[in-house]
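Written out below as structure tokens is the structure these notes cover.
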Amino acid sequence: MPIAIVSAMHEELAAVLDLMPDESRQSAAGREFWVGHLHGREVVAVLSRIGKVAAATTAAVLVERFGVEAIVFTGVAGGLAPGVQVGDVVVAERFLQHDLDASPIFPRYEVPLYGASEFRTDPALTDRLASAVARALPAARLHRGLVASGDRFVSTTAESRALQAALPQALAVEMEGAAVAQVCHDFGIPFAAVRTISDRADDQAHTDFARFVREVASPHSAAIVQALLA
Ligand code: SAH
């Protein structure tokens with residue numbers, strides 16, 4: 001059974017695709033899935049596109065059509081907690097949707113009818129991913145914990161402060177992880193996610209973002225994935 005490697009944007013996955021010698025392209029649900037090998041492991045690599053719905057669709061297709069045994073997400077995120085700086089790496093242990101609010105019927109952040117607001121990543125795969133990060137990027141500062149997802153590029157200091165106040169445990173913010181975590185929970189598929197911090201989700205986020213993704217994110221993802229599958 002193949003393992004899925006997912007990123008939201010092409011810039012995040014380009015270097016991973018370069019490592020696959022034999023990939024063949026298959027289209028499904030308007031996406032291109034690259035099926036092939038990496039370090040001798042069967043891999044399906046795909047761009048989810050940006051946002052929770054796009055990520056959920058991608059994850060469901062990976063499970064149902066490609067029969068993947070696990071999903072690993074690699075990409076960039078905005079740093080939220082004070083010590084989580086540009087260039088640091090965050091391995092998610094749990095995800096929450098910061099823009100989910102069905103209150104007062106359900107508590108703030110709770111996913112209706114699941115009785116929970118957070119989904120955990122797979123502990124064993126997450127440990128393997130964290131040790132791959134340590135081997136691939138020994139100089140990078142590594143954080144593990146809660147990551148918040150929502151359908152917003154958080155790019156004002158005011159919004160970042162509000163998120164930090166509401167969710168003091170959240171290390172980083174991005175736009176896909178919680179959706180993939182929920183789909184993987186539904187299908188009983190192991191999930192792990194790593195994010196390189198591209199910006200601080202503040203008034204400078206947009207400027208930091210473009211430069212960082214171009215120069216750092218893609219090689220980071222490739223080094224981590226290579227170490228994970230080696
Ligand atoms: N393409 C646009 C923005 C991409 S959205 C641009 O060039 O400006 C940002 C992507 O990176 C999403 O896939 C999200 O998961 C992640 N991300 C990085 N920093 C983020 C932030 N501050 N807030 C939300 N998502 C962020």
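Order of appearance sets the numbers: ligands from 1, and atoms from 1 within every ligand. Keep in mind that the numbers below use all heavy atoms, side chains included, and drop hydrogens, waters and symmetry copies.
- Remark: the His220 side chain and the Thr196 side chain contain an N/O donor-acceptor pair separated by less than 3.5 Å.
- Between Arg152 and Glu174 no salt bridge is recorded (no basic side-chain N to carboxylate O distance below 4.0 Å).
- Gln169 and Arg94 share a side-chain donor-acceptor pair at under 3.5 Å.
- Between Arg144 and Asp127 a salt bridge is recorded (basic side-chain N to carboxylate O distance below 4.0 Å).
- Note: Phe73 and Phe191 fail the aromatic proximity criterion, with ring centroids not under 6.0 Å apart.
- A centroid separation of less than 6.0 Å is found between the aromatic rings of Phe119 and Tyr114.
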Starting from the N and O atoms of ligand 1, collect every protein N/O partner closer than 3.5 Å and put each pair on its own line with the distance to 0.1 Å.
{"unit_1": "ligand 1", "atom_1": "13 (O)", "unit_2": "Glu176", "atom_2": "OE1", "d": "3.4"}
{"unit_1": "ligand 1", "atom_1": "13 (O)", "unit_2": "Glu176", "atom_2": "OE2", "d": "2.7"}
{"unit_1": "ligand 1", "atom_1": "15 (O)", "unit_2": "Met175", "atom_2": "N", "d": "2.9"}
{"unit_1": "ligand 1", "atom_1": "15 (O)", "unit_2": "Glu176", "atom_2": "OE1", "d": "2.6"}
{"unit_1": "ligand 1", "atom_1": "15 (O)", "unit_2": "Glu176", "atom_2": "OE2", "d": "3.4"}
{"unit_1": "ligand 1", "atom_1": "15 (O)", "unit_2": "Arg195", "atom_2": "NH1", "d": "3.2"}
{"unit_1": "ligand 1", "atom_1": "19 (N)", "unit_2": "Gly78", "atom_2": "N", "d": "3.3"}
{"unit_1": "ligand 1", "atom_1": "19 (N)", "unit_2": "Asp199", "atom_2": "OD2", "d": "2.7"}
{"unit_1": "ligand 1", "atom_1": "22 (N)", "unit_2": "Val154", "atom_2": "O", "d": "2.9"}
{"unit_1": "ligand 1", "atom_1": "22 (N)", "unit_2": "Asp199", "atom_2": "OD1", "d": "2.9"}
{"unit_1": "ligand 1", "atom_1": "23 (N)", "unit_2": "Val154", "atom_2": "N", "d": "2.9"}

